[in-house]
Amino acid sequence: MEELSGFYKLSAEERLKKIKKIANLTDDEAQIISDTGALKLELADRMVENVIGAIHLPLGIATNFVINGKEFLIPMALEEPSVIAAACKAAKQTLPQGFKADADSPVMIGQIQVVDIPDIGRAKKELEQKRSEIMKLAEKCLEPHAKWGIKPLGFNVRELSDMLLVEFDVNVSDAMGANMVNSTLEGVAPAIEEYTGGKVRLRILTNLAVKRKARATAVWKKEVVGEDVIAGVLDGYKLAKSDIYRCATHNKGIMNGIDAVMLATGNDWRAVEAGAHAFAAMNGYKPLTHYEKNKNGDLVGTIEMPLVSATVGGAVNTSPTAKITLKISGVKSSAELAMAAVCVGLANNFAALAALSTVGIQKGHMKLHAKNIAVLVGAKTPEEIDAVANELDKLNDFSSENAKKILDRLRVA
Ligand code: NAD
């Protein structure tokens, strides 16, 4: 603790030097941590606190996505093998129609908590009487952003035991909206205190963005995927509906894809995660997707969930890669990004259910994971990594002992 006093005041290089000493890092290890790539160290140091370097994730592109008749290249950043391949495969199986998707207007809800109110009934009446003054104040707070169509839409007052919640709806246009909404709440809070006679405590948006949902639907034809896959997906879906243990993993599979799109585009994926699971739990934890057969016996998959995404603001503005990944994606608004993300989530969910209910996922997964095992045991060049991974797959033995033996053998040969 003493050695780290004033840690935050040091430069990133000095911090890494200290950590290197304390954690006994080798020169190579410290070098890896300090290699920030496109994200320059000075910029990383301004984005978050106590920076010593950066970590890197692979960035891939999900292909075959046709959404509302338009082709998209969807960037995905994550460390887990198979997810991108699964999204591409499931999307291909929807062609030529692809996905139909839509998104609500970008409305975020911000909450002000008021406690210690002397007379709740009177406070509610007062807030009603002062509605237009309160709205004018909120509009003033958002005035700097009005040119983008950002504005407060109204507020509701909710009684919760001995507290009041004053909840504002704000149209945040193409931003995620957290900072703008939170600043507005802090801006109107003194007036809320005055009118209610109570004390304002929390002033923050909710990540359960029920007014900013995105939806997608796709049809997997029986001639394309086969009747057994359709039956398997329906059985898997039935299990997720009836068992929370399965449902958690069902929804995790959806978020594999959605988080990866959010991360690749500089979005706040924790916010999307929080919203997804809270929404899934609103009436007892349920799957975020729905499956049924249409009259032809084809499988219709749908997804609906809050999807708060941004094409401006937050890290989208500061990350050197976010602007580029958004350019690759071709999305023109936060709503379009939300639609692309839910389509990926649906595709990943279908692919996971199709594989899990038939051949299982381990064969494909382990084949891709074999490369990680090769690196783990010390394979360095791409040729070495591929050779070890291929041999592991051929022998169907993915243990690190086996990988080490293969690598040693390769190096001797
Ligand atoms: P922000 O503060 O960067 O605001 C967006 C900016 O973009 C504004 O200045 C706005 O005027 C400008 N802009 C330009 N063109 C626009 C357009 N077409 N549409 C909308 N705005 C446009 O970002 P934000 O969206 O208010 O806040 C997002 C950040 O807040 C994220 O980094 C997030 O991680 C963080 N955050 C999240 C939470 C939470 O989820 N609970 C809480 C606090 C902060």
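By convention here, the first residue in the shown sequence is residue 1. Just so you know, ligand 1 is whichever comes first in the structure, and atom 1 is the first atom listed for that ligand.
- Taking every non-hydrogen atom of I150 and a distance limit under 4.0 Å, the qualifying atoms of ligand 1 come out as 20 (C), 21 (N).
- A side-chain donor-acceptor contact under 3.5 Å links N348 to the backbone of V83.
- For G314, a nitrogen or oxygen atom sits less than 3.5 Å from a nitrogen or oxygen atom of ligand 1, counting backbone and side chain alike.
- Contacts with ligand 1 closer than 4.0 Å are made by side-chain heavy atoms of D268 only, the backbone lying farther away.
- Counting only heavy atoms of the protein, atom 6 (C) of ligand 1 lies nearest to G313 CA, 4.3 Å.
- If you check which protein heavy atom lies closest to atom 37 (C) of ligand 1, you get A178 CB, 3.3 Å.
- Within 6.0 Å of NZ on K213 lie more than 12 heavy atoms contributed by other residues, nucleotides or ligands.
- Proximity annotation for atom 27 (O) of ligand 1: of T318, L142, N179, N179 comes nearest, heavy atoms only.
- Between the choices D174, T206, N207, N267, the shortest heavy-atom distance to atom 19 (N) of ligand 1 belongs to D174.
- Looking only at atom types and distance, the side chain of T265 has a donor-acceptor partner in the side chain of N267 under 3.5 Å away.
- Ring geometry for F168 against F155 counts as tilted: the plane angle lies between 30° and 60°, on a 0 to 90° scale.
- Residue M176 has at least one N or O atom closer than 3.5 Å to an N or O atom of ligand 1.
- Here is the list of ligand 1 atoms found below 4.0 Å of a heavy atom in L205: 39 (C), 41 (N).
- Residue contacts with ligand 1 include V172, since one or more of its heavy atoms lies under 4.0 Å from the ligand.
- You'll find the ring centres of F65 and F72 outside the 6.0 Å limit.
- R212 has no carboxylate O lying under 4.0 Å from a charged side-chain N of D104, or vice versa, which leaves the two without a salt bridge.
- Ligand 1 places these atoms under 4.0 Å from at least one heavy atom of A271: 40 (O).
- Contact check on D45 versus R15 returns a salt bridge, with a Lys/Arg side-chain nitrogen under 4.0 Å from an Asp/Glu carboxylate oxygen.
- Summarising the contacts of atom 8 (C) of ligand 1 with M108, H145, M47, the nearest heavy atom is found in H145.
- In terms of protein heavy-atom proximity, atom 12 (C) of ligand 1 is nearest to W148 NE1, 3.9 Å.
- Distances shorter than 4.0 angstrom do not occur between any heavy atom of N317 and any atom of ligand 1.
- At a threshold of 4.0 Å, the pair R131-E128 counts as salt-bridged, since one of the basic side-chain nitrogens sits closer than that to a carboxylate oxygen.
- Screening I74, T325, I67, T311 against V331 for a side-chain contact (heavy atoms from CB on, under 4.5 Å) leaves a single residue, T311.
- Between M180 and ligand 1, at least one pair of N/O atoms sits closer than 3.5 Å.
- A salt bridge does not link R201 to E186: none of the charged side-chain nitrogens sits closer than 4.0 Å to a carboxylate oxygen.
- Of the polar atoms of G177, at least one N or O is found under 3.5 Å from an N or O of ligand 1, judged by distance alone.
- Of all atoms in ligand 1, numbered sequentially from 1 with element shown, those under 4.0 Å from a heavy atom of N182 are 42 (C), 43 (C).
- Salt bridge status for E194 with K130: absent, with no side-chain N to carboxylate O gap under 4.0 Å.
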